Engineer: 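Take this structure first; my questions come after.
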Amino acid sequence: MGGITTVVENFPFLLLGAWDTLRLTFFSVLIGLIIGTFVGMGRLSKLKIINIPCTAYVEFLRGTPLLVQISIVYFGLPQLGIQLDAYPAAITALGLNSGAYIAEIVRAGIQSISRGQYEAARSLGLTHWQTMRYIILPQAFKNILPALGNEFITLTKDSSLASVIGVTELMRRGQFVITRTFQTFSIYFGVALIYFILTFIISRITRYVEKRMAVA
């Protein structure tokens with residue numbers, strides 16, 4: 001009973017951490033979406049000067065642990081003269097990591113669109129970028145919405161790694177409570193429950209938007 005009481009007493013404090021987790025995830029996914037869109041298109045380019053750097057970016061970010069990437073951005077960049085506070089460093093690392101995964105999602109989404117639509121748009125006089133912007137990408141994003149929702153959920157959970165550099169998101173706040181109360185099981189269980197509620201809500205919202213776009 002004491003553990004449950006501790007969770008209830010510290011629930012507002014943990015909720016503030018949940019809000020920080022959501023903000024951290026939202027800005028990271030936003031950065032990842034911007035990077036992933038351009039890198040995903042770059043992956044399909046026939047120009048090696050574009051394709052090779054984009055491929056290297058995706059392979060490196062997907063092939064190294066997120067914790068290492070966070071450490072490089074927060075602890076490594078200062079040696080190159082780039083100093084970031086913990087919160088911007090976490091958003092940068094998470095955004096770069098998410099960009100690699102979203103790039104593959106966008107690439108697959110573009111490839112799912114019939115080649116005939118691209119050729120028809122070009123025959124009407126649209127440039128390559130106009131065709132991508134007005135014809136291909138809107139349809140591709142409609143198709144990849146479930147995968148983007150999964151990426152949002154994954155990043156929500158992975159954002160807990162930002163606690164290692166001192167970002168006071170949900171996991172970090174849980175650790176603060178544990179150091180004061182020593183209620184390890186109940187606090188970690190409470191933190192896990194809040195993560196589950198967050199990801200469940202994101203999942204429901206994604207499915208709702210997916211259904212609305214299917215009808216439109």
Side-chain angles (χ1 to χ4, degrees), residues 13-43 53-109 141 144-176 188 191-206 209:
F13 183 74
L14 294 175
L15 275 186
L16 289 175
W19 171 243
D20 283 338
T21 291
L22 281 179
R23 286 196 308 159
L24 184 64
T25 305
F26 174 78
F27 288 116
S28 300
V29 169
L30 187 61
I31 292 173
L33 192 58
I34 294 170
I35 294 175
T37 300
F38 286 102
V39 173
M41 289 191 293
R43 288 268 283 152
C54 291
T55 301
Y57 170 82
V58 170
E59 295 296 334
F60 180 77
L61 270 297
R62 293 177 67 196
T64 54
L66 177 55
L67 181 58
V68 175
Q69 296 164 18
I70 293 173
S71 299
I72 289 174
V73 172
Y74 186 66
F75 298 111
L77 287 184
Q79 291 194 347
L80 302 178
I82 303 173
Q83 181 78 47
L84 294 176
D85 291 333
Y87 198 82
I91 290 178
T92 301
L94 290 170
L96 290 171
N97 180 273
S98 180
Y101 287 94
I102 292 179
E104 288 300 89
I105 295 172
V106 170
R107 181 181 62 81
F141 273 105
I144 67 177
L145 189 60
L148 287 177
N150 287 335
E151 173 61 18
F152 204 127
I153 290 171
T154 299
L155 207 62
T156 300
K157 294 181 289 184
D158 287 348
S159 67
S160 62
L161 292 174
S163 63
V164 299
I165 60 173
V167 176
T168 53
E169 40 69 69
L170 177 56
M171 183 67 179
R172 184 70 171 171
R173 285 178 179 263
Q175 291 169 342
F176 285 155
Y188 275 138
V191 168
L193 187 61
I194 294 174
Y195 273 116
F196 170 75
I197 293 171
L198 291 179
T199 56
F200 183 78
I201 292 173
I202 294 170
S203 173
R204 296 298 102 178
I205 292 175
T206 303
V209 174

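Residue indices begin at 1 and follow the sequence shown. Since we're looking at a predicted model, the values are computed, not measured.
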Engineer: Determine whether Met171 and Phe176 make a side-chain contact, defined as any pair of heavy atoms from C-beta on separated by less than 4.5 Å.
Structural biologist: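 Side chain of Met171 against side chain of Phe176, heavy atoms only: no contact under 4.5 Å found.
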Engineer: Could you pull out the closest heavy-atom pair between Leu170 and Leu14, with the gap in Å?
Structural biologist: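 In terms of heavy atoms, the two residues are closest at CD1-O, 3.4 Å.
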Engineer: Tyr87: what forms a side-chain hydrogen bond (donor to acceptor under 3.5 Å, both in side chains) with it, not counting sequence neighbours?
Structural biologist: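 So Tyr87 forms no side-chain hydrogen bond (donor to acceptor under 3.5 Å, both in side chains) with any residue.
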Engineer: With sequence neighbours excluded, tell me which residues meet salt bridge (charged side-chain N to carboxylate O under 4.0 Å, His left out) with Glu59.
Structural biologist: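 Per chain and number, Glu59 pairs via salt bridge (charged side-chain N to carboxylate O under 4.0 Å, His left out) with no residue.
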Engineer: Determine which pairs satisfy salt bridge (Lys or Arg N to Asp or Glu O under 4.0 Å) with at least one residue from residues 90-100, sequence neighbours left out, and list them in order.
Structural biologist: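 Found none.
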Engineer: Yes or no on side chain to side chain contact (heavy atoms under 4.5 Å, CB included) for Tyr57 and Leu96, after CA distance, side-chain angles and deciding distance?
Structural biologist: CA-CA 9 Å; Tyr57 170 82; Leu96 290 171; 3.9 Å; yes
Engineer: How many angstroms lie between atom OG1 of Thr206 and atom CD1 of Ile153, to the nearest 0.5 angstrom?
Structural biologist: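 One finds 6.0 Å between OG1 of Thr206 and CD1 of Ile153.
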Engineer: Not counting sequence neighbours, list each pair that qualifies as a salt bridge (Lys or Arg N to Asp or Glu O under 4.0 Å) and has a residue in residues 91-105.
Structural biologist: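 Every pair satisfying salt bridge (Lys or Arg N to Asp or Glu O under 4.0 Å) with a residue in residues 91-105: Arg43-Glu104, Arg62-Glu104, Glu104-Arg107.
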Engineer: For a quick test of your reading: what N or O donor-acceptor pairs under 3.5 Å do the side chains of residues 156-166 make, sequence neighbours left out?
Structural biologist:
residue, atom, partner, partner atom, Å
Thr156, OG1, Phe152, O, 2.7
Ser159, OG, Thr156, O, 2.6
Ser160, OG, Lys157, O, 2.9
Ser163, OG, Ser160, O, 2.7

Engineer: The criterion is side chain to side chain contact (heavy atoms under 4.5 Å, CB included); which residues satisfy it with Leu145, sequence neighbours excluded?
Structural biologist: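 Result, side chain to side chain contact (heavy atoms under 4.5 Å, CB included) vs Leu145: Val209, Glu210, Met213.
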Engineer: Give the minimum heavy-atom separation between Ser98 and Leu155, together with the two atoms involved.
Structural biologist: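 Nearest pair, atom of Ser98 first, then Leu155: CB-CD2, 3.9 Å.
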Engineer: Sequence neighbours excluded and cut-off under 3.5 Å, please list the side-chain donor-acceptor pairs for residues 22-37, or say none.
Structural biologist:
residue, atom, partner, partner atom, Å
Arg23, NH2, Asp20, OD1, 2.9
Thr25, OG1, Thr21, O, 2.8
Ser28, OG, Leu24, O, 2.7
Thr37, OG1, Leu33, O, 2.6

Engineer: Who are the salt bridge (charged side-chain N to carboxylate O under 4.0 Å, His left out) partners of Arg172, not counting sequence neighbours?
Structural biologist: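 Checked Arg172 against salt bridge (charged side-chain N to carboxylate O under 4.0 Å, His left out); zero matches.
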Engineer: So, taking the atom named CD in Glu151 and the one named CD1 in Ile105, what distance separates them when rounded to the nearest 0.5 Å?
Structural biologist: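 The CD1 atom of Ile105 is 5.5 Å from CD of Glu151, to the nearest 0.5 Å.
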Engineer: Applying side chain to side chain contact (heavy atoms under 4.5 Å, CB included), can you list everything that pairs with Gln83, at least two apart in sequence or on another chain?
Structural biologist: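 Scan of Gln83 (side chain to side chain contact (heavy atoms under 4.5 Å, CB included), adjacent residues dropped) gives Pro78.
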Engineer: Excluding sequence neighbours, so at least two apart, what forms side chain to side chain contact (heavy atoms under 4.5 Å, CB included) with Ile197?
Structural biologist: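 Counting only residues at least two positions away or on another chain, Ile197 forms a side chain to side chain contact (heavy atoms under 4.5 Å, CB included) with Leu193, Ile201.
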Engineer: Could you list all the salt bridge (Lys or Arg N to Asp or Glu O under 4.0 Å) pairs where at least one residue sits in residues 191-206, not counting sequence neighbours?
Structural biologist: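 Output for this query is empty, none listed.
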Engineer: Tell me whether the count of non-hydrogen atoms from other residues, nucleotides or ligands lying under 6.0 Å of CZ in Phe75 goes above 12.
Structural biologist: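 Yes.
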Engineer: Let me have the donor-acceptor pairs involving side chains of residues 63-73, under 3.5 Å, with sequence neighbours excluded, atom names and distances please.
Structural biologist:
residue, atom, partner, partner atom, Å
Thr64, OG1, Phe60, O, 2.9
Thr64, OG1, Gln69, NE2, 2.8
Gln69, OE1, Asn97, ND2, 2.9
Gln69, NE2, Leu61, O, 2.8
Gln69, NE2, Thr64, O, 2.9
Ser71, OG, Leu67, O, 2.9

